[in-house]
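Right, one structure below, let's go through it.
Just so it is clear, the structure is predicted and the values come from calculations on it, not from any experiment.
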Amino acid sequence: MDKLGEQTIWSYFDNQSTARPAKNQKIRAGIGHSVSSYLELAKKVAELQFLNRHHVLLFRGQKADYRTIKNNSMLKPSIFRLEGSKIPREQTLVNRFETLKTAEGLLSEKYENQRLLGFDRLRKQRIIRWAILQHYEVCPTPLLDVTHSLRIAASFATVNNVRDEAFIFAFAVPSVSGAVTASAEAGLQIVRLSSACPPDAVRPHIQEGYLLGEYPEISDFSQHSKYGYYEMDFGRRLIAKFRFNPDMFWSNEHYPPASEAALYPSEEGDPLSTIAAEVAQLISQET
């Protein structure tokens, strides 16, 4: 994907109290702008969306800020993540892509057998198959989970977090339209889960889930080998990084976090959850 920087980027990226022009590398290398409450975060994000009017902001909450060897924030899709503390070996990546291909086939078969809405689209569009496999954590994919909801992202960073620090990452993406938006200029695809999943699949809708992927798609190891490893990182689209103390962040009673039960609603009645569990089990048996 292309790096941010064609237009001026405005960001909170250090301990300064005001937003100012910034470079993507400075944002990634910084410790993250500290916010004390959800309301403060929401106000600052609103300002960034106003100042960066050429972009749409999507968010990801994490309990830690993982770094590259150059000490920049690392936000890789699951299929390209480190093997232990090292860059994954060629055979590891080959195996991951083979597992993904197997999972796609099983997903399509079970989806069709249940006659779920949207099968024709799922059969034709690989990235929608990837989106479902990634969102339900079946296997590693070339996609990264994000959300349109700042509250959902902050809640993910908070739930079951025993640390005194959590992070919100804000990504700048092109305008989103339809289930899948592809931008050749940005080298990016954006999947809107609410338009890609059947309405009975509650979890993607509750989480206001989106996924980011490369454009064109990296469908196998041979295609991946044409890219540098550093390019497979959505940190290149990072427009802001915030950090906060989970114990203090939600102190205002008017802005509570989403509970774990709300973030992961009951799987009962969710056909995609059932299918995903079956596919995951079959894959584990094969590997």
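- With a 4.5 Å cut-off on side-chain heavy atoms, S78 and Q134 count as touching.
- In this pair, F169 and F167 present their aromatic rings parallel. The plane angle is below 30°, not in the 30 to 60° band.
- From N252, atom CG reaches atom OH of Y38 across 11.5 Å, with rounding to the nearest 0.5 Å.
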> Is there a side chain to side chain contact (heavy atoms under 4.5 Å, CB included) between R28 and K70 once you walk through the steps?
Replying inline: CA-CA 10 Å; R28 293 180 70 184; K70 294 185 178 180; over 6 Å; no
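- Under a 3.5 Å cut-off, the side chain of Q62 and the backbone N or O of A64 do form a donor-acceptor pair.
- Separation of atoms CG (L51) and OG (S11) is listed at 10.0 Å; rounding is to 0.5 Å.
- A 4.5 Å side-chain heavy-atom check between M74 and D233 finds at least one atom pair inside the cut-off.
- Taking all atoms of both residues into account, the shortest heavy-atom contact from D65 to S73 is OD1-OG, 2.7 Å.
- Between the side chain of R237 and the backbone N or O of L212, no donor-acceptor pair lies under 3.5 Å.
- Here the straight-line distance linking atom CZ of F13 with atom NZ of K26 works out to 7.0 Å at 0.5 Å rounding.
- In this structure, E83 places its CD atom where more than 12 heavy-atom neighbours from other residues, nucleotides or ligands lie under 6.0 Å away.
- K110 approaches V279 most closely through the heavy-atom pair CD-CG2, 4.0 Å.
- Taking all atoms of both residues into account, the shortest heavy-atom contact from L211 to A131 is CD1-CB, 3.6 Å.
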>> Let's go through L144 and F171 carefully: what are the C-alpha distance in whole Å and the side-chain angles of both, what is the deciding distance for side chain to side chain contact (heavy atoms under 4.5 Å, CB included) to 0.1 Å, and is it a yes or a no?
In response: CA-CA 11 Å; L144 182 74; F171 303 90; 4.0 Å; yes
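- The closest donor-acceptor contact from the side chain of T181 to the backbone of V176 lies at 3.5 Å or more, if one exists at all.
- A salt bridge links K44 with E40: the closest approach of a Lys/Arg side-chain nitrogen to an acidic carboxylate oxygen falls below 4.0 angstrom.
- Under a 3.5 Å cut-off, the side chain of R192 and the backbone N or O of V180 do not form any donor-acceptor pair.
- Under the 3.5 Å distance criterion, the side-chain polar atoms of T147 are matched with a main-chain donor or acceptor of Q207.
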>> What verdict does the side chain to side chain donor-acceptor pair (under 3.5 Å) test give for E104 and W130, after you've listed the backbone C-alpha separation in whole Å, the side-chain angles of each residue and the deciding distance to 0.1 Å?
In response: CA-CA 7 Å; E104 284 185 63; W130 287 356; 3.0 Å; yes
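- Aromatic pair W250/Y255: centroids not less than 6.0 angstrom apart.
- Across all their heavy atoms, N24 and L238 have their closest contact at ND2-O, 3.0 Å.
- In the hydrophobic clustering of this structure, L117 does not group with L272; members are Ile, Leu, Val, Met, Phe, Trp, Tyr whose side-chain heavy atoms approach within less than 4.5 Å, directly or through other members.
- Counting only heavy atoms from C-beta outward, the side chains of P77 and T141 never approach each other to under 4.5 Å.
- There is no path of hydrophobic side-chain contacts, each under 4.5 Å, that joins F244 to F156.
- The shortest side-chain heavy-atom distance between L188 and F234 falls under the 4.5 Å cut-off.
- Between Y210 and V173 the shortest side-chain heavy-atom distance does not fall below 4.5 Å.
- Looking only at distances, no side-chain donor or acceptor of T92 sits under 3.5 Å from a matching main-chain atom of P88.
- Summarising the geometry, atom CH2 belonging to W10 is positioned 8.5 Å from atom CD belonging to E47; distances are rounded to the nearest 0.5 Å.
- With contacts defined as side-chain heavy-atom distances shorter than 4.5 Å, the pair I190/P174 qualifies.
- Using bins of under 30°, 30° to 60° and over 60° for the plane-to-plane angle, the ring pair Y12/H33 lands in the tilted bin.
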>> Apply salt bridge (charged side-chain N to carboxylate O under 4.0 Å, His left out) to residues D14 and R20 and explain how you reach the verdict.
In response: CA-CA 10 Å; D14 51 21; R20 54 201 176 107; 2.2 Å; yes
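- A donor-acceptor pair is defined here as one N or O able to donate and one able to accept, closer than 3.5 Å; such a pair exists between the side chain of D270 and the backbone of S273.
- Not a single donor-acceptor pair under 3.5 Å links the side chain of S108 to the backbone N or O of G105.
- Side chains of F97 and I218 form a contact here, defined as non-hydrogen atoms less than 4.5 Å apart.
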> When you look at I79 and L143, which way does the side chain to side chain contact (heavy atoms under 4.5 Å, CB included) test go after all the steps?
Replying inline: CA-CA 8 Å; I79 206 165; L143 305 181; over 6 Å; no
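- Atoms NE2 and OG, from H148 and S194 in turn, are 10.5 Å apart once rounded to the nearest 0.5 Å.
- Contact of the L107 side chain with the L122 side chain is registered, since non-hydrogen atoms from C-beta on lie closer than 4.5 Å.
- Judged by distance alone, the side chain of K241 and the main-chain N or O of G30 form a donor-acceptor pair under 3.5 Å.
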> Given Q189 and I127, is the side chain to side chain contact (heavy atoms under 4.5 Å, CB included) satisfied, shown in steps?
Replying inline: CA-CA 9 Å; Q189 291 189 85; I127 197 165; 3.5 Å; yes
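- Note on L133: it clusters hydrophobically with L106, by side-chain heavy-atom contacts below 4.5 Å among ILVMFWY residues.
- Here the closest heavy-atom approach between residue N161 and residue A166 is recorded as ND2-CB, 3.5 Å.
- Taking CZ from R129 and CG from L100, the interatomic distance works out to 9.0 Å, rounded to the nearest 0.5 Å.
- Both tests do not hold together for R203 against Y264: distance to the six-membered ring centre under 6.0 Å, angle to the ring axis within 45°.
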> Step by step, would you call Y66 with N72 a side chain to side chain donor-acceptor pair (under 3.5 Å)?
Replying inline: CA-CA 8 Å; Y66 303 102; N72 295 325; over 6 Å; no
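- Cluster annotation: L75 is connected to L57 through the hydrophobic network of ILVMFWY side chains, with a link wherever side-chain heavy atoms come within less than 4.5 Å.
- Following chains of ILVMFWY side-chain contacts shorter than 4.5 Å, one can reach V56 starting from F59, so the two form part of one hydrophobic cluster.
- For the residue pair Y111 and P198, the shortest heavy atom distance occurs at OH-CD, 3.4 Å.
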